[in-house]
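To start, the structure itself, in structure tokens.
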Amino acid sequence: MAERISAVKGMNDLLPEQMGVWHRIEDQARGTLERFGFGEVRTPILEKTALFVRGVGEETDIVGKEMYTFEDRGGEAKAGTMVSLRPEGTAPAVRAAIEHNVFGQEPLVRWYYLGPMFRRERQQKGRYRQFYQVGAEIYGASAPHADAELIDAGQAFLSSLDIGEITLEINSLGDESCRPKYIEALVGYLKSRALDLCPECQRRLQTNTLRVLDCKNESCKRVTAEAPSVDAFLCEPCREHFATLLGLLDGLSIEYVVNPRIVRGLDYYTRTVFEFVSHLQGEGGLGSQNTVCAGGRYDRLVKNLGGPEVPAVGFAAGLDRLALLSAKNAWGARPPELFLVSLGEQARQRALLLASELRRKGAFVDQDLRGGGLKAQMRRADKSGATFTLVIGESELASGKANLKRMATGEQREVVLSSLFDELSGSRSTR
RNA sequence: GUGAGUGUAGCUCAAUCGGCAGAGCACAGGACUGUGGCUCCUGGGGUUGAGGGUUCGAUCCCCUUCACUCACCCCA
């Protein structure tokens with residue numbers, strides 16, 4: 001046997017028996033988002049690296065060390081451009097909107113995307129190098145009503161999935177006028193307690209101060225528990241935006257927990273940030289990668305990427321994690337209506353023809369293409385979950401009639417082969 | 001990138017102190033001439049992840065390596 005070639009590390013195959021769950025999730029995502037007025041955008045999986053460096057932030061882990069980046073082939077002597085497999089969907093969507101001058105034509109735009117993303121991290125439960133996200137974004141509305149509607153859409157999508165309890169945590173990071181002051185105060189405080197911080201956080205103190213708030217180290221948690229909180233530093237417009245948003249969520253009966261420790265990994269967030277988290281553990285749960293959907297407001301991103309000044313809010317949901325939570329739901333493939341069993345070469349050809357005709361009319365028909373004995377084919381029919389089975393042999397070929405057997409009860413009834421489709425649809429409607 | 005755990009049949013797992021590699025499920029066939037499920041019988045299936053070492057002898061002990069899983073980290 002030739003040497004086997006395995007899949008690339010961290011990249012998983014999704015086999016047909018899992019797709020029932022995936023299709024269900026994708027259908028719910030599309031259905032929910034389209035009811036909320038979002039239209040789908042599909043962008044390339046490959047983008048110029050510069051898009052993510054500028055859009056997501058050069059200092060972020062995602063861009064700094066997790067992208068699949070390589071040089072596209074240039075011409076003979078010319079060097080190619082650096083390109084990357086997309087690690088997230090927002091920057092490409094914004095790029096596309098700018099490129100097609102969407103903001104020039106529509107003051108308010110609602111887009112969603114769904115597809116694979118790539119990050120070269122060490123894999124773990126719910127974290128893979130190729131993973132799938134569905135994201136929704138509202139461009140053009142700075143009012144907290146946009147944040148509220150977006151969160152409502154996310155909540156509606158998640159609650160359509162039967163994945164156990166999901167809690168919404170929310171926070172405001174402020175904007176360019178107040179966040180710097182907060183960070184300054186935070187750095188000041190953390191420096192005074194630096195000795196109690198883990199080595200990792202002592203380093204973060206300089207590079208990415210907000211992340212210290214996110215640390216799970218017990219000692220760090222004690223320190224940050226008494227740290228100055230963002231809400232004390234929010235400027236008046238930011239404070240009002242946040243307060244109004246919380247009020248709107250109350251009005252929508254969406255439960256939330258204000259969590260001042262929420263920090264997002266992408267640089268572009270301003271004001272609102274939120275996470276939907278699952279606390280299911282163990283079998284059927286998520287382990288430590290338990291954020292199932294997260295997002296926030298990014299009012300400067302469009303401008304940073306060369307577009308007009310357009311405010312935006314968005315979220316992204318991790319489909320792999322939702323699939324993990326849904327795995328217990330047996331959303332299997334649909335069984336066939338009819339399974340054809342044939343005996344002998346003549347009958348086999350007739351069955352092939354019959355199956356083709358019925359399928360073209362819209363029936364779901366299966367058969368055992370390997371042929372074989374009656375018993376084997378019947379077993380196959382049983383296993384397929386088919387509602388009916390029909391055996392075609394010499395006598396049926398001669399008479400043009402056959403017994404249609406209902407598998408659940410074992411009862412049989414003689415039908416004329418030429419009217420088989422009507423027989424099937426008749427019993428379909430009376431079912 | 002760091003750490004820990006696990007690798008035995010398609011799947012889930014056994015194998016005593018280092019002593020002939022097994023079971024259940026699944027698959028195939030039969031008991032039952034052209035009617036599935038239940039029961040019983042039979043059968044095919046293995047480089048014990050790979051490579052090396054210790055030993056008369058290694059699934060078992062040691063080293064290396066690879067893969068997977070979980071956690072750190074990071075994030076959806």
Side-chain angles (χ1 to χ4, degrees), chain A residues 1 3-4 6-10 12 15 17 56 60-66 87-90 114 116-136 154 158 166 198-201 203-204 208 211 214-217 262-266 273-278 281-282 285-296 314-325 339 341-344 347 368 370 372-386 388-396 402-412:
Chain A
M1 268 211 304
E3 194 189 344
R4 292 188 184 186
S6 60
V8 174
K9 196 195 223 354
N12 302 119
L15 301 179
E17 60 257 37
V56 178
T60 59
D61 284 11
I62 292 174
V63 170
K65 45 193 184 194
E66 294 174 357
E88 60 100 52
T90 294
L114 192 161
M117 307 293 162
F118 303 84
R119 292 180 200 170
R120 201 175 180 293
E121 302 175 273
R122 185 80 154 244
Q123 82 229 51
Q124 189 182 153
K125 191 174 194 178
R127 188 177 75 184
Y128 314 106
R129 291 182 173 185
Q130 174 172 335
F131 61 104
Y132 295 81
Q133 284 188 332
V134 57
L158 295 175
I166 302 287
C198 68
E200 188 62 21
C201 281
R203 193 180 55 75
R204 284 195 190 114
N208 202 344
R211 291 232 76 90
D214 219 18
C215 188
K216 283 150 197 148
N217 180 293
I262 296 187
V263 171
R264 311 267 60 245
L266 292 65
V273 288
F274 61 88
E275 289 183 3
F276 287 96
V277 179
S278 163
Q281 290 294 316
L286 280 183
S288 57
Q289 307 299 319
N290 59 358
T291 301
V292 116
C293 175
F315 69 68
L319 299 186
D320 305 76
R321 292 179 188 177
L322 294 174
L324 236 32
L325 290 172
F339 196 100
V341 171
S342 57
L343 301 168
D368 190 340
R370 299 170 304 176
L374 175 69
K375 190 184 190 67
Q377 292 190 56
M378 284 305 291
R379 262 207 289 267
R380 189 75 189 166
D382 183 48
K383 200 146 288 171
S384 77
F388 293 103
T389 296
L390 186 94
V391 178
I392 302 175
E394 276 178 43
S395 58
E396 286 81 1
N403 287 319
L404 185 63
K405 178 170 185 170
R406 184 181 281 276
M407 295 300 274
T409 60
E411 77 183 280
Q412 301 200 46

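Proteins come first, then strands; the chains are lettered A, B, ... in the order of their sequence lines, and each starts at number 1. Just so you know, these numbers come straight off a predicted model, no measurement behind them.
- Nucleotides B:rC41 and B:rG46 have their C1' atoms positioned 24 Å apart, rounded to a whole Å.
- Counting only heavy atoms from C-beta on, A:Cys293 has its side chain closest to B:rA76 among B:rG36, B:rG34, B:rA76.
- A:Glu88 comes within 4.0 angstrom of no nucleic acid atom, judged by non-hydrogen atoms across all strands.
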Q: Indicate for each nucleotide in nucleotides 27-33 of chain B, in 5' to 3' sequence, whether protein heavy atoms under 4.0 Å reach the base (B), only the sugar-phosphate (S), or nothing (-).
A: SSS----
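- For A:Arg127 (side chain) and A:Arg122 (main-chain N/O), a donor-acceptor pair under 3.5 Å exists by modelled atom type.
- Across all strands shown, A:Val292 has heavy atoms under 4.0 Å from sugar-phosphate atoms exclusively, and none from any base.
- Counting only distance, with no hydrogens or angles, the side chain of A:Arg119 and the backbone of A:Pro87 share a donor-acceptor pair below 3.5 Å.
- Within the 4.5 Å cutoff, no side-chain heavy atoms of A:Val391 are placed close to those of A:Asn403.
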Every protein N/O lying under 3.5 Å from an N/O of nucleotides 68-71 of chain B:
unit_1: B:rC68; atom_1: OP2; unit_2: A:Lys9; atom_2: NZ; d: 3.0
unit_1: B:rU69; atom_1: OP2; unit_2: A:Gln123; atom_2: NE2; d: 2.5
unit_1: B:rC70; atom_1: OP2; unit_2: A:Lys125; atom_2: N; d: 2.8
unit_1: B:rA71; atom_1: OP1; unit_2: A:Ser288; atom_2: N; d: 3.0
unit_1: B:rA71; atom_1: OP2; unit_2: A:Gln124; atom_2: OE1; d: 2.8
unit_1: B:rA71; atom_1: O5'; unit_2: A:Gln124; atom_2: OE1; d: 3.4

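- With the nearest nucleotide of RNA chain B identified for both A:Asn403 and A:Ala294, A:Asn403 has the one nearer the 5' end.
- Residue contacts for A:Glu66: at a heavy-atom cut-off of 4.0 Å it reaches the sugar-phosphate backbone alone, with no base atom in range.
- Nucleic acid contact for A:Gly295: none, since no nucleic acid atom lies under 4.0 Å from a heavy atom of the residue.
- With contacts defined as side-chain heavy-atom distances shorter than 4.5 Å, the pair A:Thr291/A:Leu286 does not qualify.
- Nucleic acid contact class of A:Ser395 (heavy atoms, under 4.0 Å, all strands): base.
- If you measure from atom CG of A:Leu322 to atom P of B:rA76, you get 13 Å, rounded to the nearest angstrom.
- Between A:Met407 and A:Asp320, the residue anchored nearer the 5' end of RNA chain B, judged by the nucleotide with its closest heavy atom, is A:Met407.
- Nucleotides B:rA9 and B:rA15 are separated by 14 Å at their C1' atoms, to the nearest Å.
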Q) Which dot-bracket notation, 5' to 3', represents the base pairing of RNA chain B when pairs are defined as Watson-Crick or G-U with both distances under 3.5 Å, crossing pairs as [ ], and inter-strand pairs as |? A) (((((((..((((.....[..)))).(((((.......))))).....(((((..]....))))))))))))....
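- One donor-acceptor pair, N or O on each side, does fall under 3.5 Å between the base of B:rG34 and the side chain of A:Glu396.
- Rounded to a whole Å, the OH atom of A:Tyr132 is 14 Å from the C1' atom of B:rA76.
- Taking atom C1' on both nucleotides, B:rC66 is separated from B:rG29 by 39 Å, rounded to a whole Å.
- In this structure, A:Ala381 reaches neither bases nor backbone, as no heavy-atom distance under 4.0 Å exists between it and the strands shown.
- Between B:rU8 and B:rG49, the distance separating the two P atoms is 6 Å to the nearest Å.
- A:Leu343 is not listed as a side-chain neighbour of A:Glu394, based on a closest heavy-atom distance of 4.5 Å or more.
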